[in-house]
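Order of the sequence lines sets the chain letters (A, B, ...), proteins ahead of strands, with each chain counted from 1. Just so you know, these numbers come straight off a predicted model, no measurement behind them. Atoms considered below: every heavy atom in the structure, side chains included; atoms not considered: hydrogens, waters and symmetry mates.
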Number of protein chains: 2
Amino acid sequence: MKPVRVTLADVASMAKVDRAVVSRVVNNDPTLNIRPETRERVLLAVDRLGYRPNVAARSLRTSRAHMFGLFIPDFANPVYAEIIKGAEAAAAALGCVLVTGSATGTGLGGYMDLLGTGRIDGLLLAGAGEGTGLTAELDRAAVPWIMLNRRSPSVQRYVILDDERAARLAVDHLVGQGHRRIAHLAGPDGADTAQRRFAGYSAAMREAGLPDGPIAAADYTPAGGAAAMTELLAAPDPPTAVFVANVASAIGAMDAVRGAGLAIPRQISIVAVHDLELASYLAPPLTTVRMPLEELGRRGVSLLGSIKPDDAIEEVLDGPMNLITRGSTAAPPR
Amino acid sequence: MKPVRVTLADVASMAKVDRAVVSRVVNNDPTLNIRPETRERVLLAVDRLGYRPNVAARSLRTSRAHMFGLFIPDFANPVYAEIIKGAEAAAAALGCVLVTGSATGTGLGGYMDLLGTGRIDGLLLAGAGEGTGLTAELDRAAVPWIMLNRRSPSVQRYVILDDERAARLAVDHLVGQGHRRIAHLAGPDGADTAQRRFAGYSAAMREAGLPDGPIAAADYTPAGGAAAMTELLAAPDPPTAVFVANVASAIGAMDAVRGAGLAIPRQISIVAVHDLELASYLAPPLTTVRMPLEELGRRGVSLLGSIKPDDAIEEVLDGPMNLITRGSTAAPPR
DNA sequence: TCATCAAGGTCAAACGTTTGACTACCTCCC
DNA sequence: GGGAGGTAGTCAAACGTTTGACCTTGATGA
């Protein structure tokens, strides 16, 4: 077969009908009155010619791109992989493509330039885009946008997870094992998720009648986690357990604990937010709280598909969230 | 500012010129003769109105989408993150958007449906798409495509890395430390990378005057790696070192070694292909061979930008490739 | 017999760019 | 005076869909 560019007109002439009929058949237009045999003829022609609609022409006419954007800070963070997966699936269900971009490639500034006008029908901002003038520009271009798992300081347009509940799950688990000196290896100061996880930690400790333990902040990387953990271990009355705000930090934290010559979980227990396949293969396997990230991506896209440009969205997604108990947590040393 | 949809016509009427002039100014058409002051007027109008070209209309007219696709099996595999990064950057340099899709969301079949006709100017296939009828369909739609780090059995259109060299680097390192019974934890049977890494392993062993050690295949996941490693350890004369074809497998492999009660690197050394930030934080830190994956993505896109549909491409990319020695390799037990 | 109605389509005008062809004006030179 | 040539633009036809308005035919009801 040679490369060909099949258009509506080709199909129409093969099926001996007007282009309009083909268009309506292809799009299942309910207003179309058509004899079954004619429809058959059209579908046959579509099939024989291998017709696929030209998306540019369609977009131009309908001013809908059938494409959503998802912007993330970095593909290397596996936490985002699940969000992408859910978002892709939801977009596909809507007959749309998801284009995922990261800040590592172009930066947010260039991103809008590249997307031009009318390339996407909506944009999901996952942990990126705060503070920049991007949202204003999106509004100007009438592109709906939603922040995922981040609240924006000014505008109320977000879907977040119940990070407080996640933190409670983790802390309650530690408390249940008998820990009383529980530290918190928090997320970076600016991050909204970090604040919510801290709030949950603090509330759970209070409810258990325990004072907040030592706290150290780290960005969501192994290196950051290692540094913060070293800090926590140097505290005057070191903790017997640590609730870590992020699994990537936790990996670094575990290394720091080993570096200090302490045994996990015999001398110190660790539990982190976000689960990874890899967590089972660490030494020891890491106890985590699994968050409904895939659901988050899915929900984001489906909201994008239905919101009006000025709708406010403030949603706390309650998907399944559970503690996955592995070897990194145990009763404290006596 | 209210949402507006600014078109060429708006700019033209504000600048008191024809739409054609605006178009030529915006696109820097060298054939245009224009007075500097007129150009200024146009640019001013563009700026004041916040004009951005409508990509759908442009694509329709020029039949170029200014968009490239990259298809990967799974976002959760951090190895692909680097490829994406490079590809995004190269696309941006060409003024194009990169849309990355994965098999987890829609499957390859649906992917083409969604992309329709004319949505992308070229597609990079990274470890996905073999065997399906996809490439035939791409050819039919006259969409250039290139396989990344995979050779297709039939058509010769690929860019690969020098996996043989990577394997040699790893094996030579082990040989240099005095190992003589070196096993290979290979990749999945079908994978082209697995074959090349095996070939490199085998060649390096031969050159060192050593016989191939035991070999076990695994998919590129921790679970697969753990199972295969267990198999290797059960061999009659167990190896003192293992060359693992992939870092994800290696993480599982390390766990299996620990499960068997053996110490790394004292009783068994491990080295794997592909580096991750995380490798430094494993226990012990994992020795790896770092591959130029970012370069691979970059090169893929830039080739896409320049090839003709029927060009053959058979390129072995020689970017920097180096052994990163960490704690998982040492001299064999005596 | 004529108006009405439904079925089964057809017609043609957009959508916003790009681009080859064309024009209007001026200058220069013989 | 007239032709050549250059400058600075203008004109209008595509590109492939979608969609509201319109048309034709045959059947039905009064």
Partners passing salt bridge (Lys or Arg N to Asp or Glu O under 4.0 Å) against [X] (at least two apart in sequence or in another chain):
X	result
B:R19	none
B:D219	none
A:R298	A:E294, A:E295

Discussion item. Quick one about A:T100 and A:Y80 (side-chain donor to acceptor, distance below 3.5 Å, no hydrogens or angles considered), yes or no?
Written reply: no

Please output the side-chain donor-acceptor pairs of residues 6-18 of chain A that fall under 3.5 Å, not counting sequence neighbours, one pair per line with the distance.
unit_1	atom_1	unit_2	atom_2	d
A:T7	OG1	A:A9	N	3.2
A:D10	OD2	A:T7	N	2.9
A:S13	OG	A:D10	O	3.3
A:D18	OD2	A:A20	N	2.8

Worksheet item: Checking all strands, does B:T38 fall into the base, sugar-phosphate, or nothing category for heavy-atom contacts under 4.0 angstrom?
Response: sugar-phosphate

Worksheet item: What does A:L8 touch in the nucleic acid at a heavy-atom separation under 4.0 angstrom: a base, only the sugar-phosphate, or nothing?
Response: base

Contacts under 3.5 Å, N or O only, protein and nucleotides 3-7 of chain D:
none

Item to complete: Scan residues 34-47 of chain A for pairs that pass salt bridge (Lys or Arg N to Asp or Glu O under 4.0 Å), counting only residues two or more places apart or in two chains.
Response: none

Worksheet item: Can you check the A:R5 CZ to D:dT17 C1' distance for me, whole Å?
Response: 15 Å

Fill in: Rounded distance in Å - CZ (A:R58) to P (C:dG16)
18 Å

Worksheet entry | Protein proximity profile, nucleotides 19-25 of chain D - base contact B, sugar-phosphate-only contact S, no contact -, cut-off 4.0 Å on heavy atoms | BB-----

Worksheet item: Who are the side chain to side chain contact (heavy atoms under 4.5 Å, CB included) partners of B:T31, not counting sequence neighbours?
Response: B:R24, B:D29

Response to the item:
Hits for side chain to side chain contact (heavy atoms under 4.5 Å, CB included) against B:T62, two or more places apart or cross-chain, chain-then-number order -> B:R58, B:R64

